[in-house]
Amino acid sequence: MESAIVSLICIALIVLGGMTLSQGFLSSMDRSSVGLEEMSERAEEIMRTELTPLTAEQPSADIVEVSLRNSGQIKLSSFANWDTIVQYYDSGDTYHVEWLSYTEGTPGNNEWTVKGIYLDVESEIPEAFEPGILNPGEEMVIQAKLDPPVGKNTTNLVVIATSNGIPASISFEGPE
């Protein structure tokens with residue numbers, strides 16, 4: 001009789017341990033599948049994102065304006081999460097690589113902002129659908145203020161990366 005009670009307790013412990021292990025295995029598999037699904041969604045978003053640089057101009061020595069088109073299929077926003085890096089030479093022929101922080105409104109030294117979002121930058125037709133979001137086919141102008149200013153007759157580069165890591169780069173000439 002005593003061995004039967006011990007045997008029942010051992011069987012109950014084995015069943016309980018097996019159930020605990022299987023629950024841990026199933027929850028681990030569930031977390032893994034959710035992670036794989038999130039990775040797949042992110043990869044799909046990256047594949048459908050494309051940013052085309054149109055022009056880069058300098059209205060003054062310390063201001064650079066870059067026009068971009070959303071050539072992809074994803075709406076782009078969260079501009080504070082974008083990266084803007086400018087590589088340029090100043091008037092003393094010193095080479096600078098500056099990461100610019102985002103600001104709303106007028107940019108300060110080594111800051112950038114969205115000057116405007118348009119249906120067409122050249123004719124300055126403003127966006128009509130979802131203001132503040134760069135929809136597919138729309139164009140935007142980024143304005144950056146650099147300190148020290150860009151040197152005359154220099155070749156420079158702007159690299160802009162969206163929040164999901166898609167880059168666009170364009171070169172620009174320093175003022176004459």
Side-chain angles (χ1 to χ4, degrees), residues 35 38-176:
E38 288 173 358
M39 282 178 30
S40 174
E41 288 173 6
R42 181 162 169 78
E44 180 183 328
E45 180 180 311
I46 289 170
M47 288 188 326
R48 296 179 357 162
T49 303
E50 186 175 349
L51 202 57
T52 304
L54 301 173
T55 61
E57 302 170 341
Q58 275 201 275
S60 66
D62 63 342
I63 299 290
V64 176
E65 293 183 352
V66 178
S67 301
L68 304 163
R69 176 183 294 123
N70 182 350
S71 305
Q73 302 168 349
I74 298 290
K75 298 175 185 182
L76 299 173
S77 60
S78 302
F79 301 115
N81 296 330
W82 289 31
D83 288 316
T84 301
I85 301 168
V86 182
Q87 301 174 35
Y88 70 100
Y89 291 92
D90 66 13
S91 59
D93 219 21
T94 303
Y95 183 66
H96 296 269
V97 178
E98 299 290 339
W99 175 85
L100 308 180
S101 59
Y102 174 78
T103 187
E104 294 194 16
T106 305
N109 291 337
N110 296 325
E111 291 183 334
W112 71 278
T113 191
V114 175
K115 185 178 178 185
I117 299 176
Y118 306 92
L119 294 176
D120 182 37
V121 168
E122 281 187 23
S123 57
E124 294 186 3
I125 299 171
E127 68 175 333
F129 181 68
E130 294 184 315
I133 296 176
L134 185 63
N135 291 300
E138 290 183 339
E139 300 172 356
M140 71 185 287
V141 176
I142 287 177
Q143 185 180 65
K145 183 173 182 188
L146 302 174
D147 184 42
V150 176
K152 294 183 178 186
N153 299 318
T154 57
T155 302
N156 310 286
L157 182 70
V158 177
V159 179
I160 299 162
T162 63
S163 57
N164 61 3
I166 301 302
S169 62
I170 188 168
S171 61
F172 66 97
E173 298 296 321
E176 292 182 19

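Because only heavy atoms are used, hydrogens play no part in the values below, and waters and symmetry mates are left out as well, while side chains stay in.
- Applying the side-chain hydrogen bond (donor to acceptor under 3.5 Å, both in side chains) definition to pairs two or more places apart or across chains, those involving residues 143-153 are Glu65-Gln143.
- To the nearest 0.5 Å, atoms CD1 (Ile117) and CD1 (Ile133) are separated by 8.0 Å.
- In the model, Glu124 has no side-chain atom that pairs as donor or acceptor with a side-chain atom of Tyr118 under 3.5 Å.
- Side-chain contact between Ser67 and Met140 is absent, with no heavy atoms from C-beta onward closer than 4.5 Å.
- The minimum heavy-atom distance between Pro175 and Gln58, with the atom names listed, is CD-OE1, 3.1 Å.
- Atom OH of Tyr89 has 12 or fewer heavy atoms from other residues, nucleotides or ligands within 6.0 Å.
- At a cut-off of 3.5 Å, with distance as the only test, no side-chain donor of Thr154 or Glu173 sits close to an acceptor on the other residue.
- For the pair Glu98 and Ile85, the minimum side-chain heavy-atom distance is 4.5 Å or more.
- No donor-acceptor distance shorter than 3.5 angstrom exists from the side chain of Tyr102 to the backbone of Val114, with no hydrogens or angles considered.
- With contacts defined as side-chain heavy-atom distances shorter than 4.5 Å, the pair Trp99/Asp83 qualifies.
- Counting heavy atoms from C-beta outward, Trp112 and Ile160 have side chains that stay 4.5 Å or more apart.
- When all heavy atoms of Thr103 and Pro107 are compared, the pair lying nearest together is CG2-CA, 3.6 Å.
- The distance from the CD1 atom of Ile142 to the NZ atom of Lys115 is 12.5 Å, given to the nearest 0.5 Å.
- Distance alone, capped at 3.5 Å, is enough to place a donor-acceptor pair between the Trp82 side chain and the Ser77 backbone.
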Given Glu104 and Phe79, is the side chain to side chain contact (heavy atoms under 4.5 Å, CB included) satisfied, shown in steps? CA-CA 10 Å; Glu104 294 194 16; Phe79 301 115; over 6 Å; no
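- Considering all non-hydrogen atoms of both residues, Val66 and Ile170 come closest at CG1-CG2, 4.0 Å.
- The shortest non-hydrogen separation linking Val150 to Phe172 is CG2-CE1, 4.1 Å.
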Are Leu134 and Leu51 close enough, and set up right, to give a side chain to side chain contact (heavy atoms under 4.5 Å, CB included), and what steps lead you there? CA-CA 10 Å; Leu134 185 63; Leu51 202 57; 4.1 Å; yes
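- Closest approach of Pro53 to Ser169, counting heavy atoms only: CG-O, 3.4 Å.
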In sequence, state the C-alpha distance, the side-chain angles, and the governing distance for Leu68 and Glu139, and then conclude on side chain to side chain contact (heavy atoms under 4.5 Å, CB included). CA-CA 5 Å; Leu68 304 163; Glu139 300 172 356; over 6 Å; no
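- Taking a 6.0 Å sphere around CZ of Arg42, one finds it holds 12 or fewer heavy atoms contributed by other residues, nucleotides or ligands.
- Expressed to the nearest 0.5 Å, how far CE of Met47 lies from CD1 of Ile166 amounts to 10.5 Å.
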Start with the C-alpha distance between Leu100 and Leu146, add both sets of side-chain angles, then the distance that settles side chain to side chain contact (heavy atoms under 4.5 Å, CB included), and finish with yes or no. CA-CA 9 Å; Leu100 308 180; Leu146 302 174; 4.0 Å; yes
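- Applying the side chain to side chain donor-acceptor pair (under 3.5 Å) test between Thr49 and each of Asn70, Thr162, Asn164 identifies Asn164 as the sole match.
- To the nearest 0.5 angstrom, Glu111 atom CD is 11.5 Å from Thr84 atom OG1.
- A pairwise comparison of heavy atoms in Glu127 and Gly132 identifies OE2-N, 2.7 Å as the closest pair.
- Note that CG of Leu76 is 12.0 Å distant from CG of Asn81, once rounded to the nearest 0.5 Å.
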